[in-house]
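One structure is given below, encoded as structure tokens.
Reminder, nothing fancy here: chain letters follow the sequence lines and each chain counts from 1.
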There are 2 protein chains.
Amino acid sequence: MQNQGLAAPSLSSENLLFLTDEQVRKGIEAMFFAYRGFTADPDRILENYAYGRAHHRAIHFISRAPGTTVNNLLEILGVTKQSLNRVLRTLVDDGLVDSRIGTRDKRERHLYLTEKGNALEQELSEAQRTRMRAAYRAAGPDAVQGFRTVLEQMMDPRMRRLLSTMTSIGN
Amino acid sequence: MQNQGLAAPSLSSENLLFLTDEQVRKGIEAMFFAYRGFTADPDRILENYAYGRAHHRAIHFISRAPGTTVNNLLEILGVTKQSLNRVLRTLVDDGLVDSRIGTRDKRERHLYLTEKGNALEQELSEAQRTRMRAAYRAAGPDAVQGFRTVLEQMMDPRMRRLLSTMTSIGN
DNA sequence: TTGGAAAGTCAACAAGACTGACATAAAATG
DNA sequence: CATTTTATGTCAGTCTTGTTGACTTTCCAA
């Protein structure tokens with residue numbers, strides 16, 4: 001177990017207060033409630049389609065990285081292939097996702113959103129972006145910078161790497 | 001649908017960039033990955049006890065507000081009472097939670113952690129706090145302030161009120 | 001005092017995670 | 001060329017955690 005800062009010599013008294021269990025706990029609870037808000041709008045929309053959060057996640061990342069393979073998506077989502085397969089199957093069957101056999105490596109399936117899939121993706125992400133945008137605007141640019149910084153520190157390093165490669169493609 | 005800022009006259013060019021769909025989308029993905037990190041440590045611990053995240057949440061908020069009623073907890077957790085009841089039953093049966101019939105209103109149950117329940121709560125929250133603390137320390141005080149501000153803006157107003165009353169008790 | 005509302009409990013079901021076993025096809029390797 | 005590894009898909013079964021519906025007990029107000 002690490003030294004948790006109570007006796008750390010390099011911290012200012014402001015930092016000592018800032019790192020009290022109480023303060024950290026507030027952050028934990030804020031994270032819990034905020035995540036509920038974060039998923040609330042897409043969840044509401046998904047009810048109309050008989051899809052769930054799992055479908056949303058798949059659609060999101062296929063939209064983000066078109067042509068991604070199943071294996072790649074597995075890595076990003078952190079679920080088992082059986083679990084992802086169930087979701088993908090329904091999305092392919094319903095005509096929202098196109099699964100194309102790889103040209104170089106025919107074992108691979110490359111995933112793309114169809115027009116229909118893209119429409120749902122737009123609907124979902126627009127709802128989610130609207131909330132985020134409102135929060136960002138209310139909080140201001142500096143707060144957003146801090147928000148992003150703390151989130152990056154919270155995730156596992158592996159996910160942090162994954163996120164940075166993903167955003168460098170997408171930008 | 002609201003004006004999303006692209007033509008908003010009061011925004012600086014820095015803000016225009018800052019509010020691009022791409023930037024917002026990065027935030028969404030960061031939130032997703034960070035939440036995974038956020039729950040990873042408690043989840044690992046819970047495996048040893050045959051409990052899940054739902055048990056953790058109940059334990060957390062009972063610890064936070066000892067003597068809270070089932071109804072109150074329902075409000076905080078945002079699940080159905082039947083769902084919460086299953087979790088509470090196992091916790092009571094296993095001797096982690098004490099459920100006392102209300103004195104004023106005998107319909108109510110007031111919930112308390114037992115010594116055993118407190119021990120698990122400590123183990124779980126210490127693991128979670130350790131990660132949060134590390135993230136906070138790496139990000140710095142200003143970033144943490146921004147983090148908290150954005151999270152509060154992201155949650156539903158009802159939850160924001162709930163959080164503020166909760167923290168005013170706990171502090 | 002009685003009927004409705006509120007708090008909590010029990011039962012059954014569904015979504016979405018999991019593990020394990022197995023199949024197929026293609027690529028990589030000796 | 002034979003063997004092994006990799007990528008994907010599938011079937012079956014389990015677990016957690018959410019849901020709805022039906023029920024009991026308790027309280028309160030008409």
Touch check for B:G78, heavy atoms < 4.0 angstrom, all strands: base, sugar-phosphate only, or nothing?
nothing
Checking D:dT17, D:dT20, C:dC18 against the side chain of A:T80 (C-beta onward), the nearest is C:dC18
Is it the case that the side chain of A:R160 and the backbone of A:E152 share a donor-acceptor pair, with hydrogens and angles ignored and the cut-off at 3.5 Å?
yes
Relative to each other, are the rings of A:F147 and A:Y136 parallel, tilted or perpendicular (30° and 60° limits)?
perpendicular
Please tell me which of A:R89 and A:R86 maps to the more 5' nucleotide of DNA chain D, matching each residue to the nucleotide holding its nearest heavy atom.
A:R89
Taking donor-acceptor contacts at under 3.5 Å, does the side chain of A:R107 reach the base of D:dT6?
yes
From CG of A:L88 over to P of C:dG16, roughly how many Å is that when rounded to an integer?
13 Å
Rounded to whole Å, please give me the gap between NZ in A:K81 and P in C:dA23.
13 Å
Within the side chain of A:Q128, is there an N or O that forms a donor-acceptor pair under 3.5 Å with the backbone of A:F38?
yes
Please tell me which of the listed nucleotides, C:dA26, C:dG8, C:dG16, lies nearest to the side chain of A:D105?
C:dA26
Closer than 4.0 Å, any side-chain N/O of A:R109 to the OP1 or OP2 of C:dA26?
no
Is B:R57 close enough to D:dT16 that one of its side-chain N or O atoms is under 4.0 Å from OP1 or OP2 there?
no
Under a plain distance cut-off of 3.5 Å, with no hydrogens placed, do B:Y49 and B:D94 share a side-chain donor-acceptor pair?
no
Presence of A:H55 side-chain N/O under 4.0 Å of C:dA15 phosphate oxygens OP1/OP2
no
For atom CZ of A:R53 and atom C1' of D:dT16, their distance in whole Å:
15 Å
For B:H110 and D:dT26, what is the distance between atoms NE2 and C1' respectively, to the nearest whole Å?
13 Å
Find the distance A:D43:CG to C:dA15:P and express it as a whole number of Å.
15 Å
For a quick check, tell me whether the side chain of B:Q82 and the base of D:dG18 share a donor-acceptor pair closer than 3.5 Å.
no
Looking for any heavy atom pair under 4.0 Å, which part of the strands does B:K106 touch: base, sugar-phosphate only, or nothing?
sugar-phosphate
Between B:N72 and A:L84, which is nearer to the 5' end of DNA chain C once each is assigned its nearest nucleotide?
B:N72
Check the distance between C:dG16's C1' and A:N85's CG and give it to me in whole angstrom.
13 Å
Distance below 4.0 Å between A:N71 side-chain N/O and D:dT8 OP1 or OP2
yes
Could you state the atom-to-atom distance from CG of B:L91 to P of C:dT9 in whole Å?
13 Å
Applying the side chain to side chain contact (heavy atoms under 4.5 Å, CB included) test to A:R109, which of A:D98, A:V70, A:N71 qualifies?
A:V70
Take atom CD of B:E108 and atom C1' of D:dT26, then tell me their distance rounded to the nearest Å.
11 Å
